[in-house]
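Below is one structure, written out as structure tokens; the observations come after it.
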Number of protein chains: 2
Amino acid sequence: MRVPKKERQTELQHTIEQNPFITDEALATHFNVSIQTIRLDRMEMKIPELRERIKHVATERLDDVRTLTENEVIGDMIDLKLDTSAISILEILPEHAFSRNAIARGHILFAQANSLAIALIDDELALTTKANVQFTRSVHVGERVVAKAFVSSHRQDGRSDINVESFVGDECVFIGEFTVYRSSKEESR
Amino acid sequence: MRVPKKERQTELQHTIEQNPFITDEALATHFNVSIQTIRLDRMEMKIPELRERIKHVATERLDDVRTLTENEVIGDMIDLKLDTSAISILEILPEHAFSRNAIARGHILFAQANSLAIALIDDELALTTKANVQFTRSVHVGERVVAKAFVSSHRQDGRSDINVESFVGDECVFIGEFTVYRSSKEESR
DNA sequence: ACTACTATTAGTACCAGGTGATAATGGTAG
DNA sequence: CTACCATTATCACCTGGTACTAATAGTAGT
């Protein structure tokens, strides 16, 4: 016997996990057993076949929480009064946090607040020019962060000041003051 | 004839692009032609078969720049002197930017700077507690942002102040002052 | 030593979703 | 009427499997 069955199976699981693109044939030669043994192992471990695995990876990618990219707003917007106030919720997932301690990275909370502030401005172009932020409590994986943004002033020079406060439950975890540049619309033209 | 060949082919391309998981058979019934016609079309348009398309989507996902998540540092660190200074480079990709105008979202630049500041601190735990940032020039897709961070002070209370300046060429695009909390190591215990 | 049981291997039929090649049909334009 | 293109039909074959049946090897229990 090359390697006890149990050992082989757990190793098999690992091998497939970090390389889902491997065929049964390759696994068979790798573990120096027949292809049928590999199939039996997959059955017992309920590991799907190659094509199913690939499909899974692909679909996962498509409906990915392509979290801080691609989406216009980071988190789910649950309320929006243009030029006035907005609220979004973001659940902290493991990929948002440091793996060592499961504390959300600062720029995740910043991104939620910043994208909310930008979404609040009803203009073709809105760009953050300045921000002043404080992280008042660390946020852990699994917690849901509710960000509340409101416009404190629309200045004459085409800038708006927006305050954002984020909460977990009733605890404030983030405070930010954003200055956003907005391009025309009610102004020139 | 149902639809002219050319028209069908361009439409085919679109259909497959936004749903790579469709089989030739489904396409055939959809366009009301034979399966062979679909295959000929794919040949001419050099569109690979279903399984290849799925595999492509899946592999694309694996070497994804899972930009603001998962990576410890956003961008590529090219220099690091612990507790002193660090430099990282980030190329702005379309997914980092607003689709309307190809200008990088503010939180992308913030994330680069913030993660660099955190990486700079040689401690088990380092958390941003405060940040003060300015976006001095908008950054466009294709530009490479070089962030330079240096520690301005290690305070007695377990906090460090870090300044970050980001450049595109010799133009400053971002200025940030970060206050980072570091947990012990040289302190208590 | 005989049996029971488990692990492994082998072999067969079948499946999806194709490739590749060859050939037959159906307009349609010159 | 013919030449040409688009379309369709067949057929053999491929990969990477599933599902099932059966044979073989090794080991433990009694």
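Convention: sequence-line order gives letters A, B, ...; per-chain numbering from 1.
- For the pair B:R8 and B:E11, the salt-bridge criterion is not met [side-chain N within less than 4.0 Å of a carboxylate O].
- Atom CG in B:L40 sits about 12 Å away from atom C1' in D:dA9, given to the nearest Å.
- Salt bridge A:R137/A:E143: present, at least one basic N to carboxylate O contact under 4.0 Å.
- Side-chain contact of B:S88 with B:Q112: a donor-acceptor pair under 3.5 Å is present, judged by distance alone.
- B:F31 has its CZ atom 18 Å from the C1' atom of D:dT8, to the nearest Å.
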Check your understanding: Reading nucleotides 11-24 of chain C from the 5' end, what letters show protein touch, with B for base, S for backbone sugar-phosphate only, - for no heavy atom under 4.0 Å?
Key -> B----BBBBS----

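- What separates CG of B:D41 from P of D:dT7 is a distance of 7 Å, to the nearest Å.
- The six-membered or imidazole ring of B:F110 lies near that of B:F178, with a centre-to-centre distance under 6.0 Å.
- To the nearest angstrom, P of D:dC5 lies 15 Å from CD of B:Q9.
- Put simply, B:S34 has a side-chain N or O that comes within less than 4.0 Å of OP1 or OP2 on D:dT8.
- As rounded to whole Å, 12 Å separates atom P of D:dC5 from atom CD of B:E44.
- Going from atom CD1 of A:I38 over to atom C1' of D:dG16 covers 14 Å, rounded to whole Å.
- One interatomic measurement links the two molecules: NZ of A:K6 to C1' of C:dT8, which rounds to 19 Å at whole-angstrom precision.
- Salt-bridge check for A:E44 with A:K6: failed, with every basic side-chain N at 4.0 Å or more from each acidic carboxylate O.
- Salt bridge status for A:D83 with A:K81: absent, with no side-chain N to carboxylate O gap under 4.0 Å.
- In this structure, B:I54 atom CD1 and D:dG17 atom P are separated by 14 Å, rounded to whole Å.
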